[in-house]
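Only one structure is covered here, and it is reproduced in the block below.
Chain letters run A, B, ... following the sequence lines, proteins first, then strands; residues in each count from 1.
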There are 2 protein chains.
Amino acid sequence: MDGTRRVRMDGEEARRRILDAAERLFYARGIQAVGMDQVRDAAGVSLKRLYQCYASKDALVEAYLEHRDRRWNDALSDHLGSVGEPRERVLAVFGFLAEWFGTADFRGCAFVNAFGELGPASPPVVAAARAHKNALRGRLRTLTAEAGAADPDLLADQLLLLVEGAIVAAAMGTAADPAERARSAARALLDAAAAPDHPLTAHWPS
Amino acid sequence: MDGTRRVRMDGEEARRRILDAAERLFYARGIQAVGMDQVRDAAGVSLKRLYQCYASKDALVEAYLEHRDRRWNDALSDHLGSVGEPRERVLAVFGFLAEWFGTADFRGCAFVNAFGELGPASPPVVAAARAHKNALRGRLRTLTAEAGAADPDLLADQLLLLVEGAIVAAAMGTAADPAERARSAARALLDAAAAPDHPLTAHWPS
DNA sequence: ACGTAGGGAGAACGATCGTTCTCCCGTGTT
DNA sequence: AACACGGGAGAACGATCGTTCTCCCTACGT
């Protein structure tokens, strides 16, 4: 038990490097397009080590999606953390998107890509994708409720569509400045969905 | 020249069957996940025939995307054909989506899936996906102009985001009734984007 | 100092895939 | 009736991929 401690430390370091490499490669080129050898090269570990850290490629893919979900949600939390006004918090989601779309390695939503690639053939991918999107839906639902929408669920779903659409459009380059267009649409939806008795959203700031 | 006529007819029939099978398989399971042998089995032709109809898998993929683009646009035209009112024509796009989402084999946008799967590694896929989405953008832009939007380009892009988002959400099952939610959002955007001097969109039918 | 456990590098293995080749049969022509 | 041609079925080939195995070296315990 204790004799393996040093080995364990190296193992965790290896796990981290493998996961980083896998995330970069899977996201950039797709899951089926990158082989374990490329992950090994990028991570700088041996194949033996790779397979003792992650028992199979499927396990590595699962870890990849889990890690990406956590990182994405943390990044969104960071971006929203400094915004106080409820209505501005909703709109800040699209500011987060604009920032994300501007990153050099942006290539759309990892979950949409994985889902489209593997589809229902891979239940773990389906589960991870649904969990990721449901979490986002829950967050939007919280934001719309705080912003005083008359029907927070409906508005959250509408905003979710805008977010998903902006991500896809940004990845494929089909709309000009998708984050900004989505934000302007979100403003219009916020105005239309304002509860009449809720003073916070009654004015017209744009 | 004339002696090959009978053969040519069989060849065109084979091409059709191959393309039908490829479209069904590629769309349902992804491109990399289906092999040429499965296409051959589903099409009921020999491998030799398959390769003399389509020189390579890449060529078949290109034909698949082209065919799907044409079929999708034709189906949308059919759905929009009977709608006369400009504003209703815009909303009918989401009726078309609802109908599409209800089909048994619906699995999202073939172009988004292919783009996410192959990504920038396959320039023909990128080109086909962009062409498909640009065509949709152009159609929306025509509809928003006819509906009398103050800024048809902006509204078309916003609607495009709703359409893309609804397709993704429907494929992944992340939002309840995405087509209806997207349509309600589109109504709000139409109301907000109405040109003040345009009588067609000034009333409030919903 | 010596034996041993464990990790690195990469060969090896079985499966699969895209693509081509071989063999065989049916058909139409003279 | 003999023959040349085209297509069908599937074996074969080379490449690649996920996974395992072999060989060698290094580092630690006694």
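For the pair A:Arg137 and A:Asp157, the salt-bridge criterion is met [side-chain N within less than 4.0 Å of a carboxylate O]. The residues A:Arg16 and A:Asp20 are annotated as salt-bridged, a charged nitrogen and a carboxylate oxygen being separated by less than 4.0 angstrom.
Atom CG in B:Leu60 sits roughly 10 Å away from atom P in C:dT19 (whole-Å rounding). Here the P atom of nucleotide C:dC17 and the CG atom of B:Asp58 are 16 Å apart, to the nearest Å. What separates CG of B:Leu50 from P of C:dT19 is a distance of 10 Å, to the nearest Å. Protein atom CD1 of B:Ile18 is 13 Å distant from nucleotide atom C1' of D:dG8, rounded to whole Å. Residue B:Arg49 contributes atom CZ, which lies 17 Å from atom P of C:dT20 at whole-angstrom precision. As rounded to whole Å, 4 Å separates atom P of D:dT19 from atom OH of A:Tyr51. Look at CD on B:Gln32: it is 11 Å from P on D:dG18, rounded to the nearest Å. As rounded to whole Å, 13 Å separates atom P of C:dA9 from atom CG of A:Asp37.
Taking the side chain of A:Lys48 as heavy atoms from C-beta on, and the options C:dG8, D:dT19, C:dT22, the nearest nucleotide is C:dG8. Here D:dG7 is the nucleotide among D:dT19, C:dG8, D:dG7 with the atom lying nearest to any side-chain atom of B:Gln52. Here the side chain of A:Met36 is nearest to one of C:dT19, D:dG18, C:dA11, namely D:dG18.
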Step by step, would you call B:Arg139 with B:Ser77 a side chain to side chain contact (heavy atoms under 4.5 Å, CB included)?
-> CA-CA 10 Å; B:Arg139 296 184 72 151; B:Ser77 295; 2.8 Å; yes
Check the pair A:His132 / A:Trp72 against ring pair (Phe, Tyr, Trp, His ring centres under 6.0 Å), numbers first and verdict last.
-> CA-CA 9 Å; A:His132 177 76; A:Trp72 197 87; 5.1 Å; yes
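Not a single donor-acceptor pair, N or O on each side, falls under 3.5 Å between the base of D:dG18 and the side chain of A:Lys57.
Taking the nucleotide of DNA chain D with the nearest heavy atom to each of A:Ala33 and A:Ala55, the more 5' of the two is matched to A:Ala33.
A cation-pi contact, defined as under 6.0 Å to the ring centre and within 45° of the axis, is absent between A:Arg68 and A:Phe111.
In this structure, B:Val39 reaches neither bases nor backbone, as no heavy-atom distance under 4.0 Å exists between it and the strands shown.
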